[in-house]
Amino acid sequence: MKTIESLGDLRGKRVLVRSDFNVPLKDGVITDDGRIRAALPTLKTLLAAGAKVVVMAHLGRPKGEVNPDFSLAPVAKRLGELVEAPVTLAEDVTGPSAKAVVEALGEGEIALLENVRFDARETSKVDEERAALAAEFAALGDAFVSDGFGVVHRKQASVYDIAKLVPAAAGLLVLKEIESLRKATENPERPYGVVLGGSKVSDKLGVIANLLTKADMLFIGGGMVYTFLAAKGYSVGTSLLEQDQIETVKGYIAEAAERGVDLVLPTDIVVAPTFAADAPATVVSADAIPDDQMGLDIGPASRELFASKIAACKTVAWNGPMGVFEFPTFAEGTKAVAKALSEGGMFSVIGGGDSAAAVRLLGFDEATFSHISTGGGASLELLEGKVLPGIAVLED
Ligand code: ADP
Ligand code: MG
């Protein structure tokens, strides 16, 4: 992996940095700045080296169109506070404003381009379109540092194509993420448990086939549970359900049994009639979810079951909250898993934007986990043992 040192003396050079600033916002206010803070070591290193730092980042899914709701303005402000220097935000991605802002940068100064996903070419499936945008990025920089771990699994212009046009290197965050995640995937100390939850069910079901060949225990919580319960023939009321994945999940259940993987499903569920913070919650058996109720958390018996089995693991990777932790009534399952990891003394890796936000929101000390990844999809793909395009392109 090429490192920042391989780029040589950076004084006065324009260095493009891809960061992951895809932070949660509520009414224009950043509710968790973890990803911005995670980008600081690389940015401060480059600034201290006298580089002219030009940061590329995305926010949300503006679908290739300029949309002020997805402006990086709140990020520029917060980043400025954290680096203790003004961060100029260009008004466009590679247009006249970006050119002028980069032109005006002095040594050890930093600027941010506007949301790269305002340009449809960023995420285009057509190689030539991405390459054209990457060429415009390349005109703004003499070197490229890839530090947006959350996007290294994406073949996108500011992640992948740019690395082919100017001297490129991995940033400190990307290096640290890879090192920690490899520790969990290449010869993990056993028993090795993987805890999966959250709401991106169809995305995450796909990784299970692969994880069944690697993990000793697989815990399922969050919105994913209901497709498993349905595969077992239970009715799941109005819970999240991937109807078209039920057959696939039946296959996973059979394969887990064949391979001797302990597939741990909740035995009880916290249900409510509506998806709301103040919805009246009841605990029911996992095979008795009423037709007019939805599962929003794992129940108390399941929390104990999960916690005791997790405690026996020497390595645990966790991706996805166990319930709707944003509502205190439905945060207990997520809290129980976080507590088991925090107190377990095992090598623990947490991936997924919402999972990382959850442990902070629920008041856990980040230092009690071995590694909190800034990447959801990227960390899952590394756990699966996949080659990530944004990393492969940085290999020597
Ligand atoms: P991550 O960002 O950690 O990868 P996801 O984005 O997949 O996780 O999912 C996080 C979201 O999943 C949270 O907002 C949480 O409220 C939601 N969630 C968890 N359990 C359920 C459930 N049973 N029903 C609906 N949403 C759920
Ligand atoms: Mg998420």
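Whatever order the structure lists ligands and atoms in, that order sets their numbers, starting from 1.
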Stepwise salt bridge (Lys or Arg N to Asp or Glu O under 4.0 Å) test for Asp161 and Lys164: CA-CA 6 Å; Asp161 301 270; Lys164 300 190 151 188; over 6 Å; no
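- Hydrophobic clustering of Ile, Leu, Val, Met, Phe, Trp and Tyr side chains at less than 4.5 Å, counting indirect connections, keeps Val166 apart from Val393.
- At a heavy-atom cutoff of 4.0 Å, ligand 1 is contacted by the side chain of Asn319 but not by its backbone.
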Side chain to side chain donor-acceptor pair (under 3.5 Å) assessment of Ser19 paired with Asp147: CA-CA 5 Å; Ser19 297; Asp147 209 32; 5.4 Å; no
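- Per-residue contacts place Ser355 under 4.0 angstrom from the following atoms of ligand 1 (heavy atoms of the residue considered): 1 (P), 3 (O).
- Using a 4.0 Å cut-off between charged side-chain N and carboxylate O, Glu255 and Arg259 make a salt bridge.
- Ser199 N, 2.9 Å is the protein heavy atom nearest to atom 9 (O) of ligand 1.
- Note on Asp20 versus Arg35: salt bridge recorded, some NZ/NE/NH1/NH2 to OD/OE distance being below 4.0 Å.
- Of all protein heavy atoms, the one lying nearest to atom 24 (N) of ligand 1 is Gly295 O, 3.9 Å.
- Val271 is connected to Tyr226 through a chain of hydrophobic side-chain contacts under 4.5 Å among Ile, Leu, Val, Met, Phe, Trp and Tyr, so both are in one cluster.
- Remark: among candidates Glu326, Lys204, Lys200, Met322, the nearest residue to atom 13 (C) of ligand 1 is Glu326, based on non-hydrogen atoms.
- For the Mg ion (ligand 2), the count of nearby protein N/O/S atoms, taking only those under 2.8 Å, is 1.
- At under 3.5 Å, not a single nitrogen or oxygen of Gly197, backbone or side chain, sits near a nitrogen or oxygen of ligand 1.
- Within a 6.0 Å radius of NZ in Lys183, no more than 12 heavy atoms belonging to other residues, nucleotides or ligands are found.
- Without hydrogens or angle criteria, Glu177 side chain to Thr374 main chain gives a donor-acceptor distance under 3.5 Å.
- A side-chain donor from one of Ser158 and Glu122 sits under 3.5 Å from a side-chain acceptor of the other.
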Steps toward side-chain contact (heavy atoms from CB on, under 4.5 Å) verdict (Phe21, Leu112): CA-CA 11 Å; Phe21 290 155; Leu112 178 61; 4.2 Å; yes
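- Distances shorter than 4.0 angstrom do not occur between any heavy atom of Phe330 and any atom of ligand 1.
- Protein heavy atom in closest approach to atom 18 (N) of ligand 1: Gly323 O, 3.9 Å.
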